[in-house]
Number of protein chains: 4
Amino acid sequence: MQNPAPRLGRPRDSHIDQAVLAAARELLAESGYVGVTMAATAARAGVGKAAIYRRFDSKAELLFAATLHGMDIEPPADSGSLRGDLRAMARVIHERLTSPAARQVIPPLLAEMSHDAELTGRLQNTFVASERRDLAVIVERARKRGELRRAPDPALAHLLLGGPIFLALLVLPDPMDTARLDAIASAVAAGLTTEPGDSPAD
Amino acid sequence: MQNPAPRLGRPRDSHIDQAVLAAARELLAESGYVGVTMAATAARAGVGKAAIYRRFDSKAELLFAATLHGMDIEPPADSGSLRGDLRAMARVIHERLTSPAARQVIPPLLAEMSHDAELTGRLQNTFVASERRDLAVIVERARKRGELRRAPDPALAHLLLGGPIFLALLVLPDPMDTARLDAIASAVAAGLTTEPGDSPAD
Amino acid sequence: MQNPAPRLGRPRDSHIDQAVLAAARELLAESGYVGVTMAATAARAGVGKAAIYRRFDSKAELLFAATLHGMDIEPPADSGSLRGDLRAMARVIHERLTSPAARQVIPPLLAEMSHDAELTGRLQNTFVASERRDLAVIVERARKRGELRRAPDPALAHLLLGGPIFLALLVLPDPMDTARLDAIASAVAAGLTTEPGDSPAD
Amino acid sequence: MQNPAPRLGRPRDSHIDQAVLAAARELLAESGYVGVTMAATAARAGVGKAAIYRRFDSKAELLFAATLHGMDIEPPADSGSLRGDLRAMARVIHERLTSPAARQVIPPLLAEMSHDAELTGRLQNTFVASERRDLAVIVERARKRGELRRAPDPALAHLLLGGPIFLALLVLPDPMDTARLDAIASAVAAGLTTEPGDSPAD
DNA sequence: GAATAAACGAGACGGTACGTCGCGTCTTAAG
DNA sequence: CTTAAGACGCGACGTACCGTCTCGTTTATTC
C-alpha cells in the first residue's frame, strides 16, 4: 500500500479500490497467484493499470491487500482453561491460513519477502504480531488461573502453536482436521504447563 | 532431475553436472533465487543452456538439486532420553533449513509447489518423510524406555517439532538461537509425554 | 488554439498564457520536443494541466504556438532586381526556419500533420500561404520591371526557393551559410527568368 | 538494423526477417505509422517481440527497413540533355518519396532523427548521398556535352532539384503532377546553366 | 573405420508479464 | 467559470526470463 493522505487535487476514487481488490480476488480464485496479471486485473476492474500502481507498489502488495489485509483475528474468549484457549486459538489461526485465497497467496508472498522489506513488515505484522499479542493474553490468563507458575514467552508459545499449523499448510498435501488441530493445542498446553525442570534428564 | 540412462551416443559429461551446480550455487549466493538466471548459470558454468535442461527440468529443479538434494539427515543417536533425542533432532532440522543456500531457496520452492507436482514430491520426500522416519525411531525408543505409554503418531511429532522451526525460518527476521531450539524440544517432549487424558478438561 | 471568447464567469488569466508559453519554450530548449511534457510544462509554469488544455488542444498546438505562431515574415522590400528580391526572401525564409526552437519543433509537427487537420491548416497558413503571397509580389514586380515576360506561378516560385532551404533544414546536418543561400536564390532567379521555350530540347 | 554476422549458435531465421517486414508494411498501410505497434507487428508476423528487437533497435528502424531500405534509385540514363536528365531524375526522386509507404513513414522518421543518430545516418545515406552521386554524374555529363562551362556543386544541384519535391511532399496537400515536376526540372536546368555572372546585378 | 547417435556451446525463438510513461480528460475544493 | 492539483482510462514502450529449438561440432559406441 502507499501513502494515504493527499488533500489536494482529485481524490482517489474509492470505488476503484474495491473494484481492483475484487478483480484481484476473482482472478486469484480462477487462475492462482501466477495467473493473476496486472493487466488482467485492471481490465477486469474496468480500470487503467496506472490506477492500480498508484495504490499498490507491486503485484505482491496488491494480492496481500486483496486477501490478507484486514483479516484480523478476534481476541480469544476465555474458555476456562489454557488448553481450551489454545484450541480456540489454533482454530482461529488455522482458519485464517486456510481460506482458499490465503492458501494461494501465502507461499508466493513468503517468497517475495526476501526482496521486499515493506511486504515483509506487513506480513510479520499481520501474522506474527497479532497472534503473539493474543497468546500473551491467553498465557497471562492461565498464570492467573494458577495453571502456570510463570508465564512463558509468548513468542515461544506462538512458535509452538502456530508452527505446526504453518508447516502443515505449506508442505502437507491435505488440510488438517479438527482432531489433529486439537491434538496440537493439547500438546502445546502440556508443553507449556510442564516446567523446564520437571523432566528427569536435562 | 531427469532420467539417467541412455546408452547410445556421446555420454553425459559429469564435469558439467558439477560445474552447473556450482555455478547455480554461486549465483544464488550473489543474487538470490530470482537473480539466478538459466542463461547466467549456463554462462558461468561455461555450458550451453541445453546442457542444463538436459539434466534439470526447470530452474526450480536445478536449484533444488544445487542446494537441498542429498542433504540427508543422519539417523538420530540415542541420547538416553526423549528430550535429549528431540533436542538433537531439532538441531539437525534447524541446521539443514538455515544454511544460507537453503534460506534463499526454500521460500520460492514452496511457492513453486503449487504448479509442480514433481517438485512437491521431492520436497516432501526430502523434508517430511525422512524427518518422520527419524521421529518414529525416537518415539519408539522412548516407548521402549518407558517414557511414553503409547507411541504417538510420528506425523504429529513431526509437526510439533518441525513446525516451530519452519515458522521461525520463514517469517521471523533473525535466526533462532540454541536456547530457544532447546526450549522448543523440551516443550514438545513434555507435550508428547503427557497423555491426552492427563489434563483435567478434555 | 481554442475559441478565444468566453464572456461569463472568471476571465482567463493572461499571465498564464505567457507563463505556459515560456515554460514550453524552456523545456523545449532543455529537452527537445519529445522531452516536453504537458505535466512538466504545467509544473514549470506553476499552473494546472487543465489551464493549458483550456488554451491549446494538444501538445502540438502548444508547441506550435510557443515557437512558430506569430512569426510572420515582413513583406519583401524592393531591391531593384528579381535576384535581389529572391535573395532577401531566401534569407527571411531561412531565418525563420532555423531558430533553435523552430529546428526542434518543425519535424515533429510535420509528422503530426497526418492526424491533425487543424494543425495542418495552421502550418500551411503560416509557411506556405504567406510565402506564396510575398513571392507573388516579387514576381509581379519583376514582370513590371521587364525581367520576366510572363509572371510564373507563385506556387512554383515558392517550391523552387523554399524547397532547397527546407530540405537542408530537415536532412542536412549543418546549417546553410549565406553564400549557399545566395547561390540558391540566384539559380532560382535564373530558372524563373528563362522561358520554358528557350531551351533547345523540350 | 544491427550487426549482421554471427557464426555461432542458432542462425537467424531469414523467414522471420521477411515476415516481420511484411507485417510492418501491412500494418503501416492499414493504420499508419502511429498505428503500427511492435506487439501487433510481432503477432501479425507470428513471431515474438524479441525476434523483432533482435533485428531492429526501435520501431523507427523497423519501419525504415520495411519501407525505405534498399529502395535504391537507378543511375540516370543519358537523355541527351541536362534538362532531360534532370527531368528523369526528378521523376525518380518523386516516385521514391511518394509511394504510399514512404509518405506514411518519412515525416515521423524525420522527427525521430533528432534523437537517433544511427537513423539519421541511414536516412542521409539513403536519400542525400545516393542522389548527390547521381546528380554529380548528370552534371558532369552536361559539362562534357558543353552545356555547362563549369560543373556546379552536386550538393547545390541536389538541393535545387530535390528540395521542391521534398517540400511539396511534406507540406502540400495534394501530390504533384508530372507537368509541375517537369517545370521544376526545367527551372533547375536553367538555373544551373546560367553562370553566376550572367545576370546584370550580382 | 565408418556409421550412428547423442551430447555439446551458442544463441535464436515464441510467449508473456512486468513496471513506466505520456496524453488528454475528469474531479475535487478554493477563489 | 477559472484555477492548482492530481487521479483517471488507455495503451505503447522496451526489458527480461523461461523453456524449446536449431545450428555446426565433438565424442563415444556399434556395425
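Since this is a predicted model, take the numbers as computed values, not measurements. Lettering of chains follows the sequences in order, A, B, ..., and the numbering in each one begins at 1.
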Report summary line: Side-chain atoms of C:R55 come closest, of F:dT3, E:dG14, E:dC8, to F:dT3
Query - Presence of donor-acceptor pair under 3.5 Å, side chain of C:K49 and base of F:dG6 - result: no
Requested in this report: Send over the distance from D:L63 CG to F:dA12 P, rounded to a whole Å.
Outcome: 14 Å
Report summary line: Between CG of B:L119 and C1' of F:dC18 the distance, given in whole Å, is 16 Å
Report task. Grab the CD-P distance between B:E61 and F:dC18 for me, whole Å please. Result -> 15 Å
Query raised in the report: Roughly, in whole Å, what's the span from CZ in D:R54 to C1' in F:dA16?
Result: 12 Å
Query raised in the report: Within the side chain of C:T67, is there an N or O that forms a donor-acceptor pair under 3.5 Å with the backbone of C:A102?
Result: no
Query raised in the report: To the nearest angstrom, how far is D:Y53 atom OH from F:dG14 atom P?
Result: 4 Å
Report task. Kindly point out which of F:dC18, F:dG14, E:dG22 is positioned nearest to the side chain of D:M38? Result -> F:dG14
**Report entry** Any donor-acceptor pair under 3.5 Å from B:S58 side chain to B:E61 backbone
**Finding:** yes
Report summary line: Whichever of B:S14 and D:P11 has the more 5' nearest nucleotide on DNA chain E, that residue is B:S14
Report task. With heavy atoms under 4.0 Å as the rule, sort A:V34 into base, sugar-phosphate or nothing. Result -> nothing
Requested in this report: Could you check B:A51 against A:G35 and say which one's nearest nucleotide on DNA chain E is further toward the 5' end?
Outcome: B:A51
Report task. Specify the separation, in whole Å, of atom NZ of B:K59 and atom P of F:dC17. Result -> 8 Å
Requested in this report: Would you kindly check whether a donor in the side chain of B:R10 faces an acceptor in the base of F:dA28, or vice versa, at under 3.5 angstrom?
Outcome: no
Query raised in the report: What nucleotide among E:dG9, F:dG14, E:dA6 has an atom nearest to a side-chain atom of D:S58?
Result: F:dG14
Query raised in the report: Considering residues at least two apart in sequence or located in another chain, which fulfil the side chain to side chain donor-acceptor pair (under 3.5 Å) criterion with C:E26?
Result: C:R44
Query - Nearest-Å distance for atom pair CD1/C1', residues C:I52 and F:dT2 - result: 15 Å
Report task. Check the distance between F:dA28's C1' and B:H15's NE2 and give it to me in whole angstrom. Result -> 15 Å
Query raised in the report: Of A:D13 and D:T37, whose nearest nucleotide on DNA chain F comes first from the 5' end?
Result: A:D13
Query raised in the report: Nearest to the side chain of A:I16 - F:dC8, E:dC8, F:dC18?
Result: F:dC8
Query raised in the report: What are the two closest non-hydrogen atoms of C:V20 and C:T41, and how far apart are they?
Result: O-CG2, 3.9 Å
Query raised in the report: Looking at side-chain heavy atoms only, is the closest gap between B:Y53 and B:M38 below 4.5 Å?
Result: yes
